[in-house]
Amino acid sequence: MFNETFGRDERHTFGINFLMMGIGGVIFLIIILMKDYLVFMWLRYKLFNRSPQLPPLNPSMDEDVFNEMERVRNKSSSAVTESHLVLNGLSKFYGNHLAVNQLYVGVESAECFGLLGVNGAGKTSVFKMLTGDEIISAGQGWIHGFSLKNQIPKIYQQIGYCPQYDALLPDLSGRETLKIFCLLRGIPHNEIDDVINSFANELGFTKY
């Protein structure tokens, strides 16, 4: 009698545990997807951020800066799609503090562009907006024609980003690191080895 009762209780307990595991798995998967698609960031931005009005542009700005601004402003939709990077008035507020003030940049094919500035000039904020880590307060930007405002998942397939610190996982070999990034970028399993070997040969680190 005792064994039968204990058995029924045990089965009942296991059923509840498996049910809660299944429900928890679905809930946490939804949370991960919402975080991946920046849903929480957008909600926080819409509810709590009220960006002040942008200041007028400096009428005595450098001639090269003015020419670049006009070039970017006059780009057609097809020209934006063909460009690697286009920033049209990109701006970022943190509260009432203006960190990036109406940046205009166009980077074309075969160009190497360097963003220079003193500490606090807003370089890091620009890169955070380019990689989707921060929401754009004003203006617009495109990478290979994909919008920085609403097409970040597609942009992730087009770009790479090497931070100043902690770029590599020290416990992994070079091949393991490349395999992880291949998986993150959605490269099919049967193509990963070929991609890794191709990069190793092209960049000359096969011997390492």
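Nothing here was measured: the structure is a model prediction, and the numbers come from that model.
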Would you say [X] has more than 12 foreign heavy atoms packed within less than 6.0 Å of its [atom1]?
| X | atom1 | result |
| --- | --- | --- |
| Phe181 | CZ | no |
| Phe205 | CZ | yes |
| Tyr156 | OH | yes |
| Asp166 | CG | no |

Using 0.5 Å steps for rounding, measure from the [atom1] atom of [X] to the [atom2] atom of [Y].
| X | Y | atom1 | atom2 | result |
| --- | --- | --- | --- | --- |
| Leu87 | Leu103 | CG | CG | 5.5 Å |
| Asn88 | Tyr104 | CG | OH | 5.5 Å |
| Lys149 | Ile155 | NZ | CD1 | 12.5 Å |
| Leu90 | Asn101 | CG | CG | 10.5 Å |
| Asn67 | Met61 | CG | CE | 10.5 Å |
| Ile187 | Ile192 | CD1 | CD1 | 6.5 Å |

Report yes if the side chains of [X] and [Y] come closer than 4.5 Å at any heavy-atom pair, otherwise no.
| X | Y | value |
| --- | --- | --- |
| Leu54 | Phe93 | yes |
| Val100 | Met129 | yes |
| Leu57 | Met69 | yes |
| Ile143 | Leu148 | yes |

Check whether [X] and [Y] end up in the same hydrophobic cluster, where Ile, Leu, Val, Met, Phe, Trp and Tyr are linked by side-chain heavy atoms less than 4.5 Å apart.
| X | Y | answer |
| --- | --- | --- |
| Val105 | Phe127 | yes |
| Phe40 | Val26 | yes |
| Leu169 | Tyr161 | no |
| Leu178 | Leu203 | yes |
| Val107 | Ile136 | yes |

What is the minimum heavy-atom distance between [X] and [Y], and which atoms define it?
| X | Y | value |
| --- | --- | --- |
| Gln158 | Phe146 | NE2-CE1, 3.9 Å |
| Leu115 | Lys123 | O-CD, 3.7 Å |
| Cys182 | Val195 | SG-CG1, 4.0 Å |
| Ile159 | Leu130 | CD1-O, 4.1 Å |
| Gln102 | Pro55 | NE2-O, 2.9 Å |
| Leu168 | Pro170 | O-CD, 3.5 Å |

### Electrostatic pair Glu176-Lys179, nearest N-O below 4.0 angstrom
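So Glu176 does not pair with Lys179 through a salt bridge.
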
Given 3.5 Å as the limit, does a donor-acceptor pair link the side chain of [X] with the main chain of [Y], or not?
| X | Y | value |
| --- | --- | --- |
| Ser198 | Asp194 | no |
| Ser91 | Gly139 | no |
| Glu68 | Gly106 | yes |

### Task
Please report the C-alpha distance between Arg175 and Asn197 in whole Å, then the side-chain angles of each, then the deciding distance to 0.1 Å, and finally whether the side chain to side chain contact (heavy atoms under 4.5 Å, CB included) criterion is met.
CA-CA 9 Å; Arg175 182 175 293 276; Asn197 292 331; 3.4 Å; yes

#### Entry: Six-ring centre of Tyr94, Lys92 cation under 6.0 angstrom, axis tolerance 45°
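Because its charged atom sits under 6.0 Å from the ring centre and within 45° of the axis, Lys92 does stack over Tyr94.
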
#### Entry: Verdict with supporting geometry, Thr81 and Trp142, side chain to side chain contact (heavy atoms under 4.5 Å, CB included)
CA-CA 8 Å; Thr81 302; Trp142 299 267; over 6 Å; no

### Task
Dump the intermediate steps for salt bridge (Lys or Arg N to Asp or Glu O under 4.0 Å) on Glu70 and Arg73, then the final yes or no.
CA-CA 5 Å; Glu70 289 299 304; Arg73 281 179 167 178; 3.6 Å; yes

### Query
For the residue pair His84 and His144, does the interplanar ring angle fall in the parallel (under 30°), tilted (30 to 60°) or perpendicular (over 60°) class?
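His84 and His144: perpendicular rings.
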
